[in-house]
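Below: one structure, written as structure tokens.
Values below: all heavy atoms of this structure, side chains included; hydrogens, waters and symmetry mates excluded. Just so it is clear, the model here is predicted, and its values are computed rather than measured.
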Amino acid sequence: MTSSPVLPTRFPDAPPPGSRRAEIALVAAEEFTRRGYHATRVEHIADRLAVTPGALYRYVPGKYAMFRDAVATLVGELDDATSGSDDLAHLVASVTRATLTHRSRAALYRWQIRYLTPEDRAAVVAADIRIRQRFSDAIRRDGAASGPGAGPAARTGTRGAAGAILACIASLGHHRIEVTEAGAVALMQSIAADLAGSTPGVRSTPTPRAEHPPAPGPTAPGRLRGGAATREGAITAAIARFHSSGYDEVTMEAIGADVGVAASALYRHFPGKSALLTAAVDRTATLVSELLDRHAALHGSGDDPARALVDLLDQYVSISFSHGPELMLYHSELGTLDPDDRRRIRRSQLQQLERWAGLVREAAPAGSAVGDATARIRVHAALAVVLDGGQGSGFHPSATARLGELAGLTLLSH
């Protein structure tokens, strides 16, 4: 019988706070977040610090060590921010402030963790488990699922709510919507209270579900043959490989092997790997845009805005679980695209965001108008609940209902 591996209690050999290593780590975190691990060079970090690469090597031996220090510093600060408190509002405020402090770096280990060694990845996982447990304990302490009937379902519910709260706070690092620290803390505490109240056995206001059948998903193309089949197959294979290994680790030869053709056959459709990545991201952008178009065509001005919003969310959850790697890639590899393509895709994402936010504003309860910034922040948070929760469950269908409920509570104030 083998025992479970012992998880580290702290990130080993993290840079001491206030040290030159810690200063280098924070600058490195910004560069790795902006460019991605493989596209970042030591020279980029040295330039930001106005020193030579050789001067950095006096403190950190190489690029991976700088990356590791960057992750260790951010994870350590979140670990410290949640240590010693069992009050949910205090935990939310502490993590929100830490996230805003590192807003330009906060998405680092969400997208780049796969480049850590197994040992270092285990340290991140251990810290994540500790932080989630503290939030779960605080939810129970504040009254959620602490009654005599609290059992396994309630404990699972608090873990799900804790994960959703953390995803909402982390989403502040995925955008640059202007918000004050006080405003962000108040909004995250309000969302956290709604999510904590969704734990089984706790009275909460249910999110209204659509009474009509959901709109159909994207129309499946007819059977493709020849070059068209090769092209679409290559995009599908590339999405899977980019998602699992990262763009820089994938070769055209590997994608060709997945499709059953030589790499030379792929070059008839794509000038290179970057063009294949662009095609993959474009496919996902089209998927989301078509979802919004179908929803707009189905719901007229006379429909109840809250029900229309929940219907859209239900459909988004559905495509997230059927196209999970594509949607993760849509966000994780934007920095790898050609600058013109990156700007084009970001414009598309902003247009999609505004369509969501418009529904959130329309669905606000009477007498509680939602501002533009708040609506957009809630949308980012809700979509993060779906994608992060989906990834955590391996996009298992059994998780869709709960994540849809949590995301609905995030979108609509109760």
Worksheet entry | side chain to side chain contact (heavy atoms under 4.5 Å, CB included) between S318 and T400, worked out | CA-CA 7 Å; S318 178; T400 57; over 6 Å; no
Worksheet entry | Salt-bridge contact D293-R355 (side-chain N to carboxylate O under 4.0 Å) | yes
Worksheet, complete the sentence: So CD of E405 and CG of D314: to nearest 0.5 Å the spacing works out to 11.5 Å
Worksheet item: Do T96 and L172 pass the side chain to side chain contact (heavy atoms under 4.5 Å, CB included) test, and can you show the C-alpha distance, the side-chain angles, and the key distance before you say yes or no?
Response: CA-CA 8 Å; T96 300; L172 292 169; 3.9 Å; yes
Worksheet item: Given the side-chain rings of H380 and H174, with only the six-membered ring counted for Trp, is the space between their centroids under 6.0 Å?
Response: no
Worksheet item: Under the side chain to side chain contact (heavy atoms under 4.5 Å, CB included) criterion, do E77 and S94 qualify, and how do the steps go?
Response: CA-CA 10 Å; E77 289 200 22; S94 296; over 6 Å; no
Worksheet, complete the sentence: Note: A357 and R376 closest approach over all heavy atoms is CB-CG, 3.8 Å
Worksheet item: Taking the six-membered ring for Trp, are the ring centroids of H38 and Y115 within less than 6.0 Å of each other?
Response: yes
Practice prompt. Using distance alone, with no hydrogens and no angle criterion, decide if R103 and H175 have a side-chain donor and acceptor under 3.5 Å apart.
Written response: yes
Worksheet item: In this structure, are over 12 heavy atoms from other groups packed under 6.0 Å from R176 atom CZ?
Response: yes
Discussion item. Between T40 (side chain only) and E31 (backbone N and O only), is there a donor and an acceptor less than 3.5 Å apart?
Written reply: yes
Discussion item. For a quick check under 3.5 Å, do T286 and E290 share a side-chain donor-acceptor pair by atom type?
Written reply: no
Worksheet item: Can you tell me how far CD1 of I191 sits from OG of S171, rounded to the nearest 0.5 angstrom?
Response: 7.5 Å
Practice prompt. Kindly indicate whether the side chain of D341, heavy atoms from C-beta on, has any atom under 4.5 Å from the side chain of V281.
Written response: no
Worksheet item: Any side-chain heavy-atom pair from I377 and M188 closer than 4.5 angstrom?
Response: yes
Worksheet entry | Row check, F242 ring normal vs K273 NZ/CZ: under 6.0 Å, within 45° | no
Discussion item. Is it true that T236 and R283 share a donor-acceptor pair across their side chains at a distance under 3.5 Å?
Written reply: yes
Worksheet item: For the side-chain contact (heavy atoms from CB on, under 4.5 Å) test, which of L56, D13, T73 pairs with R21?
Response: D13
Discussion item. Please report the interatomic distance CG(L91) to CD(Q189), rounded to the nearest 0.5 Å.
Written reply: 10.5 Å
Worksheet item: Can a donor-acceptor pair be found between the side chains of H295 and Q315 at a distance below 3.5 Å?
Response: no
Worksheet entry | Any side-chain donor near an acceptor of the partner, Q352 and S289, under 3.5 Å | yes
Item to complete: Evaluate the criterion salt bridge (charged side-chain N to carboxylate O under 4.0 Å, His left out) for residue pair D338 and R342; output intermediate values, then yes/no.
Response: CA-CA 6 Å; D338 171 89; R342 185 164 61 247; over 6 Å; no
Worksheet item: Would you call R361 and E354 a salt bridge, taking side-chain N to carboxylate O under 4.0 Å as the test?
Response: yes
Worksheet item: Backbone N or O of R105 within a donor-acceptor pair of the E30 side chain at under 3.5 Å?
Response: no
Worksheet item: Between CG of L49 and OG1 of T52, what distance do you get to the nearest 0.5 Å?
Response: 11.0 Å
Worksheet item: Do R97 and E181 have side-chain heavy atoms sitting under 4.5 Å apart?
Response: yes
Worksheet item: Would you call D303 and R307 a salt bridge, using N to O less than 4.0 angstrom?
Response: no
Fill in: Minimum-distance pair of heavy atoms, taken over all atoms of Y57 and G62
CE2-CA, 3.9 Å
Practice prompt. May I ask you to decide whether R134 forms a salt bridge with D137, counting only side-chain N to carboxylate O separations under 4.0 Å?
Written response: no
Discussion item. Just verifying a value: how many Å separate I131 CD1 and L166 CG, rounded to the nearest 0.5 Å?
Written reply: 7.0 Å
Worksheet item: Considering all heavy atoms of both residues, which atom of S198 and which atom of L406 are nearest to each other, and what is their separation?
Response: OG-CD2, 3.4 Å
Discussion item. Just so I know, are the side chains of L327 and V288 near enough to count as touching, which here means a heavy-atom distance under 4.5 Å?
Written reply: yes
Worksheet item: So, S244 side chain and A240 main chain: donor-acceptor pair closer than 3.5 Å or not?
Response: yes
Discussion item. Could you check whether any side-chain heavy atom of D69 comes within less than 4.5 Å of a side-chain heavy atom of M66, counting everything from C-beta outward?
Written reply: no
Worksheet item: With a 4.5 Å heavy-atom cut-off, do L337 and L277 have their side chains touching?
Response: yes
Worksheet, complete the sentence: Scanning both residues in full, the closest heavy-atom pair of A70 with L108 reads CB-CD2, 3.9 Å
Item to complete: Look only at the side chain of Y247 and the backbone of S274, and say whether a donor-acceptor pair between them is shorter than 3.5 Å.
Response: yes
Worksheet item: Are any side-chain N or O atoms of S136 and backbone N or O atoms of R132, one a donor and one an acceptor, separated by less than 3.5 Å?
Response: yes
Item to complete: Could you check if a side-chain atom of P12 sits within less than 4.5 angstrom of a side-chain atom of R68, using non-hydrogen atoms only?
Response: yes
Worksheet item: Between I235 and L276, is a side chain to side chain contact (heavy atoms under 4.5 Å, CB included) present by the stated rule, with each step listed?
Response: CA-CA 7 Å; I235 294 174; L276 190 48; 4.0 Å; yes
Worksheet item: If we ignore angles and hydrogens, is there a donor and acceptor under 3.5 Å between the side chains of R140 and T158?
Response: yes
Worksheet item: At their closest point, which heavy atom of H243 faces which heavy atom of R114, and how far apart are they?
Response: O-NH1, 3.1 Å
Worksheet item: How about S322 and F395: do any of their side-chain heavy atoms sit closer than 4.5 Å?
Response: no
Fill in: Inter-residue atom distance R241.CZ - I255.CD1, 0.5 Å rounding
7.5 Å
Worksheet item: Backbone N or O of T99 within a donor-acceptor pair of the H102 side chain at under 3.5 Å?
Response: no
Worksheet item: Taking the side chain from T82 and the backbone from L78, do they hold a donor-acceptor pair closer than 3.5 Å?
Response: yes
Worksheet entry | Modelled atom types, side-chain donor and acceptor of D120 and T117, under 3.5 Å | yes
Response to the item:
Nearest heavy-atom approach of W356 to L313 is CH2-CA, 3.9 Å
